[in-house]
Amino acid sequence: MNTPLSWIKDYVPGLDVTDKEYSDAMTLSGTKVESFSRLDKNLEKIVVGRVEKIEHHPDADRLWVCSVNVGADSNIVIVTSAQNLQEGDVVPVCLDGGKVAGGHDGSPLPEDGIRIKAGKMRGIESDGMMCGIEELGSSRDMYPEAPEDGIYVFPKERAKELALGSDAVEALGLHDTNIEYEITSNRVDCYSVLGIAREAAATFNKPFTPPQVTVRHEDEKRAEDMIDVEIIDRDLCTRYVAAVCTDIKIGPSPFWLQRRLANFGIRPINNLVDITNFVMMEYGQPMHAYDYDTIRGHKIIVRRAHDGEEFVTLDGQTRHLDRDVLLINDAERPVGVAGIMGGEDSMITDSVKTVLFEAATFNGTNIRKSAKRIGMRTDASGIFEKGLDPNNAMAAMERACQLMEELGCGKVAKGYVDVKEEIAPPVRIPFQPEKINAFLGTDYSKDTMLEIFKKLELEYVPTSAGDADGELVIPSFRQDLKGFCDIAEEVARFTGYDRIPSTLPSSSATVGGISPMMVLERAAKVVVMAYGFNEAMTFSFESPKVFDQLKFAGDAKERQAIKISNPLGEDFSVMRTTPVNGLLTSLGTNYSRRNKDVKLFEIAKVYLADELPLTDYPDERPQLTAGFYGEGDFFSLKGVVEDVLTAAGIKDKPSYDPEAGKPFLHPGRQAKVTVGDTELGYIGEVHPAVAKSYGIGGRAYITVLDLKKVLAKSNFGHHYEGIARFPGMSRDISMVVPKSVTAGQIEAVIAQRGGKLLESYSLFDIYEGEQIKEGFKSMAYSLTFRNKERTLESEEVEKAMKKILNGLEGLGIELRA
Amino acid sequence: MIQEDLERIRKEAQERMSRAFSPEDINQIKVNILGKKGQLTGILKSMKDVAPEDRPKIGQMVNETRARIEAALEDAQRSLEARLLEERLKAEVIDVTLPAKKIERGHSHPNSVALREIEDVFIGMGYEVVEGPEIEKDYYNFEALNIPADHPAKDEQDTFYINGEMLLRTQTSGTQVHEMEKGRIPIRMIAPGRVYRADEVDATHSPVFHQVEGLVIDKGITFADLKGTLAEFAKSIFGEDTKVRFRPHHFPFTEPSAEMDISCYKCKGKGCSFCKNEGWIEILGCGMVHPHVLEMSGINPDEYTGFAFGVGLERVALLKYEIDDMRLLYENDVRFIRQF
């Protein structure tokens with residue numbers, strides 16, 4: 001929404017503020033000013049001048065030498081290439097040292113304008129420049145009388161009123177500022193000049209003087225005899241006001257009306273169109289004008305369209321309608337899409353004799369949805385969709401009729417046809433000054449509040465009972481005021497949010513903190529970051545093609561993803577069921593940018609549906625995903641996993657099952673990570689084909705831990721276990737092991753058979769190749785035994801060792817000396 | 001006779017010590033003189049030839065000599081060690097300007113860095129950090145927040161729908177409702193998390209972004225409390241001299257509503273290109289919880305009041321770290337992340 005500041009000042013005559021002061025104060029009272037732009041920016045020393053004499057330039061065919069009277073003692077000489085001038089024309093003249101806004105071709109305006117200096121043109125001194133409308137920063141759209149190419153010439157009638165040498169910018173009505181507002185959706189009334197002027201008056205504490213509207217109704221005929229209105233679908237149209245004007249004389253609007261619209265950015269067209277546009281901006285009520293003689297049966301019927309009905313709107317487009325679109329019809333056919341656009345057949349032409357005016361109140365939601373569905377959002381629909389005040393329809397109609405009369409555009413028939421639902425009585429809200437103060441944390445007096453309400457036209461009705469505080473009667477244009485807190489906001493706005501004190505809640509103390517999951521997430525982050533992993537964030541939705549890229553089988557449960565019904569595109573259409581795509585994509589991005597040794601992790605959710613389609617909340621499971629390429633291998637990532645689990649307080653050693661079943665991982669280099677009976681996640685080398693498809697060259701590794709499962713196993717209570725005081729004993733085992741036997745199997749035997757005395761064990765050598773027979777590998781473990789209560793006896797150790805060795809032999813392992 | 005021998009041995013020892021170059025030399029002297037087969041030991045052995053009455057005296061002389069030699073040896077050892085240490089230190093001079101050896105540690109995402117700061121501020125004020133579902137029911141995202149079925153705000157927020165009932169939350173505000181429905185008052189919570197809106201990816205938009213919701217419900221909570229709390233927050237995050245400004249605004253679920261601006265921390269409010277010459281930067285939306293919202297969640301608005309706020313995490317991160325393109329946040333180029 002925007003308004004010229006001059007128009008606001010018309011209705012708030014006491015308003016004497018700069019653009020900046022106006023903008024700041026309006027913003028702080030709730031009508032946010034987004035920006036303001038002066039229409040006279042960079043226009044300096046531009047005066048009204050009259051071309052007294054025109055002669056050919058002696059040395060140039062296309063140049064003219066003009067003698068121009070700018071009200072000074074002697075005329076000045078201006079050389080021009082414009083071809084549209086006549087002697088006697090009154091024009092804007094930029095004097096030597098002045099400034100214009102831009103060039104004559106209408107290209108974008110330079111920030112600092114263009115300085116005009118006297119100088120020679122083909123040998124003849126030129127003292128300034130006569131200006132085209134583009135050079136003044138405007139356009140032919142706003143000044144329809146301006147020539148297509150050449151100098152702006154004031155119309156003869158207008159020229160008579162202008163003193164030579166006076167301010168031409170003033171004469172053009174360009175000393176004005178266009179203010180751009182952000183109006184919140186609850187303030188329908190502020191989509192109008194009157195609404196904003198009312199706010200401005202209250203903000204600056206100045207009187208508000210809206211236009212006084214009286215209509216003479218000079219035509220003897222009665223509107224009700226000329227037109228019949230019937231509303232069939234009353235849920236979608238609560239009021240329809242019709243007026244008829246005869247004796248229409250189409251012509252240009254007067255200068256002041258053209259300037260009002262132009263400074264709004266609306267192109268002046270003719271008096272009739274300009275009046276409807278003017279009233280729409282002034283009252284926030286769109287109007288429509290029909291050629292009365294094209295309305296068959298002189299009857300208006302408001303009804304829903306039929307499914308499949310077609311209609312040609314006045315832009316010549318055929319629109320396909322359905323029964324949720326409201327149509328305006330005459331006795332035989334549609335004449336307009338309600339609130340959106342009129343029809344081609346009934347549109348106003350220059351030969352119109354009689355006009356039917358419409359000011360109606362339509363269901364905002366219906367207009368909004370219809371405009372969206374048929375792809376036709378217009379200025380009118382944009383206003384209707386906010387849901388208008390039915391009282392405004394009649395007020396706007398009266399204003400339009402008044403302007404018809406004042407502008408000599410036509411005669412208004414007697415009365416109006418007004419078909420409406422019963423208009424709801426005004427809302428009444430109890431006035432509770434103490435409660436307002438308690439709510440805001442203020443101590444404003446009752447009188448301060450009442451003064452604000454008065455400015456906003458909220459009528460105060462004291463109660464007769466005496467002890468209560470009375471009531472406020474809310475005007476119908478303030479549909480946003482419904483209850484106590486709305487009233488409190490009005491008090492806050494007009495006393496100023498900045499006057500409300502700043503305090504901290506003084507009531508009950510509470511203990512802050514984070515959830516156990518957040519504790520785990522923070523702990524895990526510390527570990528992976530210590531290992532050099534950088535934190536990534538990736539989108540929660542992705543393409544279903546990801547499932548193919550990750551080689552999931554057709555019936556894989558990962559494919560049971562939650563789909564977005566209106567995604568931005570297929571690439572963002574399913575909620576992820578595995579977090580690996582995001583991380584692999586990011587690794588690929590880094591690889592393509594030649595970043596070396598990249599380690600990334602992400603803590604984010606996957607979204608798993610119990611059943612599709614989704615009827616209840618899905619399972620949102622936070623996952624820790626870490627992956628890298630470059631330096632490191634499977635086992636370095638395994639170290640990270642184990643440290644994360646340690647940081648989560650998981651004491652049990654995880655076990656690794658190579659049958660992880662992840663198709664996107666190397667089939668021989670992947671493992672499920674299990675603690676007890678719980679599978680916490682997996683780890684592996686990314687399948688070379690998958691890595692390649694993500695643009696990662698070389699080997700990449702990835703691990704995923706399901707943090708809900710990790711949390712279930714975790715324990716953040718630390719617990720000290722004494723440091724060993726008695727000496728331990730070490731034994732080494734050196735073996736030749738069949739290749740198929742895993743370290744995990746060997747360790748399971750050692751752990752299980754080592755008994756209580758076995759303190760720890762670790763692999764210190766593994767070798768295959770020469771000297772080891774085909775199909776075998778050499779492995780060596782170091783075992784440490786200790787008794788916490790006393791010094792160990794070597795027999796005890798030998799006994800445990802024997803059990804272990806027997807067990808190992810059972811796996812087909814040969815022990816070496 | 002013995003006396004002379006002792007003196008000779010002592011002198012000889014002294015003389016050898018002065019020529020010693022290594023700890024081994026000193027040790028050799030020790031062995032030669034004081035050892036089992038050493039000279040002094042030899043003298044003790046020859047005591048059997050001495051008259052018994054002279055033995056104590058001779059013995060004493062031998063012991064004195066031994067003590068003197070031992071002391072001399074110790075001195076010699078010490079000064080030799082000192083000299084050697086000094087030589088070593090001289091030889092071990094390094095070029096301290098050679099490059100440092102580092103373990104490449106990981107870095108937090110800028111969103112996380114900002115979130116952690118925000119969380120710490122509010123935890124310090126007694127707020128609990130909670131989470132709500134991202135795939136949300138229409139009721140919690142809209143209706144319970146005073147945005148009924150046909151409200152234009154539903155269009156404005158460009159919602160991603162799963163189906164008629166479930167959607168991707170457009171705001172973290174639904175978490176307010178979940179918390180209120182638990183019926184435990186007072187409430188002081190913040191709820192960070194992902195939110196979704198159908199905006200194409202560009203320098204200032206992302207269809208996935210984060211908000212931090214805040215909610216306080218108790219007896220006697222005022223608009224002044226809202227102002228004071230958020231002013232504290234702004235100071236903690238953007239610096240102690242940060243000023244705040246509250247502008248009236250409209251949100252369906254709060255009334256009165258406001259937007260909070262902070263004074264531009266680059267120009268200190270004077271106006272610069274960073275704040276588009278305004279001197280202020282818009283940072284969050286807030287307001288007093290609408291009585292109807294309280295009522296719908298089973299809280300009596302005549303007994304309790306409260307305030308709520310929602311801040312865009314990316315907005316804070318982009319502003320605070322002066323990141324000029326939102327796409328950087330989701331590309332995960334390590335050269336970017338390593339800066340945080």
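Throughout, protein chains are lettered first and strands after them, A, B, ... in sequence-line order, and every chain is numbered starting at 1. Here the structure is a predicted model, which means the values were calculated and not measured.
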- line: Whatever's closer than 4.5 Å to a heavy atom in chain A on B/D261 counts as neither

- request: Measure the CZ-OG1 distance between A/F439 and B/T305 for me, rounded to the nearest 0.5 Å.
  value: 6.5 Å

statement: Turns out that what part of B/T254 lies under 4.5 Å from chain A's heavy atoms comes down to neither

- prompt: About how many Å separate OG1 of A/T184 and CD of B/E259, when rounded to the nearest 0.5 Å?
  reply: 9.5 Å

- request: Below 4.5 Å from any heavy atom of chain B, which atoms of A/A438 appear? Answer side chain, backbone, both or neither.
  value: backbone

Side-chain heavy-atom pair B/E134, A/E620 within 4.5 angstrom cut-off: yes

- prompt: Among B/T229, B/V244, B/L329, B/V208, which residue forms the greatest number of heavy-atom pairs with chain A at distances under 4.5 Å?
  reply: B/V208

message: Between A/N534 and B/I337 (side chain of the first, backbone of the second, donor and acceptor by atom type, cut-off under 3.5 Å), is there such a pair?
response: no

task: Between chain B and each of A/L583, A/L440, A/L587, count heavy-atom pairs under 4.5 Å; write down the option with the most.
output: A/L440

query: Between A/E602 and chain B, which part of the residue has a heavy atom less than 4.5 Å away: side chain, backbone, both or neither?
result: side chain

- line: So, the part of B/N277 with a heavy atom under 4.5 Å from chain A: the answer is neither

- prompt: Looking at B/F223 versus A/Y497, is the centre-to-centre ring distance below 6.0 Å?
  reply: yes

statement: CZ (B/R247) and CD (A/E182) are apart, to the nearest 0.5 Å, by 7.5 Å

message: I'd like to check A/M575 versus B/L168 (side-chain heavy atoms, cut-off strictly below 4.5 Å). Are they in contact?
response: yes

field: A/E535 and B/S112: side chain donor to acceptor below 3.5 Å
entry: yes

field: Straight-line distance of A/E489 CD to B/M288 CE, nearest 0.5 Å
entry: 11.5 Å

message: Would the distance check show the side chain of A/T510 and the main-chain N or O of B/G126 forming a donor-acceptor pair, the cut-off being under 3.5 Å?
response: yes

query: Looking at side-chain heavy atoms only, is the closest gap between B/F160 and A/F541 below 4.5 Å?
result: yes

task: Flag the one option from A/D616, A/T615, A/D498, A/T589 with the top tally of heavy-atom pairs under 4.5 Å to chain B.
output: A/D616

- prompt: Hey, does the side chain of B/K227 reach the backbone of A/I500 with a donor-acceptor pair shorter than 3.5 angstrom?
  reply: yes

Heavy-atom contact with chain B under 4.5 Å, split by part of A/I562: side chain

task: Please tell me if the side chains of A/N595 and B/R338 come closer than 4.5 Å, counting only heavy atoms from C-beta onward.
output: no

- prompt: Could you state the interatomic distance from CG (A/L481) to CD (B/E255), rounded to the nearest 0.5 Å?
  reply: 8.0 Å

message: So for B/E119, is it side chain, backbone, both, or neither that comes closer than 4.5 Å to the heavy atoms of chain A?
response: side chain

field: Donor on one side chain, acceptor on other, B/N332 and A/N590, under 3.5 Å
entry: no

query: So does B/K243 have more than 12 non-hydrogen atoms from other groups sitting under 6.0 Å from NZ?
result: no

message: To the nearest 0.5 Å, what is the distance between CE on A/M518 and CD on B/E131?
response: 4.0 Å

field: Contacting moiety of B/F307, where chain A heavy atoms sit under 4.5 Å
entry: side chain

Which portion of A/S29 sits near chain B, non-hydrogen atoms under 4.5 angstrom: backbone

task: Write down the atom of B/N163, the atom of A/L614, and the distance for their closest heavy-atom approach.
output: ND2-O, 2.8 Å

field: Side chains of A/P613 and B/M166 in contact at under 4.5 Å (non-hydrogen atoms)
entry: no

Lys/Arg N to Asp/Glu carboxylate O, B/R245 vs A/D24, below 4.0 Å: no

task: Sort A/K32 into side chain, backbone, both or neither according to what part of it lies under 4.5 angstrom from a heavy atom of chain B.
output: side chain

field: Derivation of the side-chain contact (heavy atoms from CB on, under 4.5 Å) call for B/I162 and A/K563
entry: CA-CA 6 Å; B/I162 304 298; A/K563 288 190 187 62; over 6 Å; no

query: Within a radius of less than 6.0 Å around NZ of A/K482, do more than 12 heavy atoms belonging to other residues, nucleotides or ligands occur?
result: no

message: I need the residue from B/K276, B/E165, B/E331 with the largest number of non-hydrogen atom pairs under 4.5 Å to chain A.
response: B/E331

statement: Here the pair of heavy atoms bringing B/P248 nearest to A/L28 is CD-O, 3.1 Å

- request: Identify which of B/I123, B/V201, B/V334 forms the greatest number of heavy-atom pairs closer than 4.5 Å to chain A.
  value: B/V334

query: More than 12 non-hydrogen atoms from neighbouring residues, nucleotides or ligands closer than 6.0 Å to CG on A/D443, yes or no?
result: no

- line: In terms of heavy-atom pairs under 4.5 Å with chain B, the winner among A/D597, A/V511, A/D486 is A/D486

- line: Applying a strict 4.5 Å limit to non-hydrogen atoms, the region of A/K386 in contact with chain B is neither

message: For a side-chain contact (heavy atoms from CB on, under 4.5 Å) check, start with the C-alpha distance between B/R116 and A/R522, then their side-chain angles and the critical distance, and finish with the verdict.
response: CA-CA 10 Å; B/R116 186 63 183 269; A/R522 287 184 178 190; 3.2 Å; yes

- prompt: Do you know which of A/G441, A/S515, A/S565 has the most heavy-atom pairs under 4.5 Å to chain B?
  reply: A/S565

field: B/Y127, part contacting chain A, at a heavy-atom distance under 4.5 Å
entry: backbone

statement: In short, B/P256 meets A/A488 closest at the heavy-atom pair CG-C, 4.4 Å

message: Before you tell me yes or no, could you show the steps for A/Y531 and B/R105 under side-chain contact (heavy atoms from CB on, under 4.5 Å), namely the whole-Å CA-CA distance, both residues' side-chain angles and the distance that decides it to 0.1 Å?
response: CA-CA 6 Å; A/Y531 276 95; B/R105 83 185 159 85; over 6 Å; no

message: Any heavy-atom pair between the side chains of B/I135 and A/Y607 that's under 4.5 Å?
response: yes

message: Heavy-atom pairs under 4.5 Å with chain B: which of A/A536, A/G513, A/P618 has the most?
response: A/G513

field: Contact class of B/Y140 relative to chain A, heavy atoms under 4.5 angstrom
entry: side chain

task: Would you mind telling me which of B/A224, B/G228, B/P252, B/P301 has the largest number of heavy-atom pairs within less than 4.5 Å of chain A?
output: B/A224

- prompt: Among A/P501, A/G387, A/G364, which has the most heavy-atom pairs under 4.5 Å with chain B?
  reply: A/P501

task: Against chain A, label B/H290 side chain, backbone, both or neither, depending on which of its atoms sit under 4.5 Å from a heavy atom there.
output: side chain

task: State, with a plain yes or no, whether a side-chain heavy atom of A/S540 is found less than 4.5 Å away from one of B/R194.
output: yes

query: Between A/M537 and B/N111, which heavy-atom pair has the shortest distance, and what is it?
result: SD-ND2, 3.4 Å

- request: Compare every heavy atom of A/L568 with every heavy atom of B/P207, then report the nearest pair and how far apart it is.
  value: CB-CD1, 3.7 Å

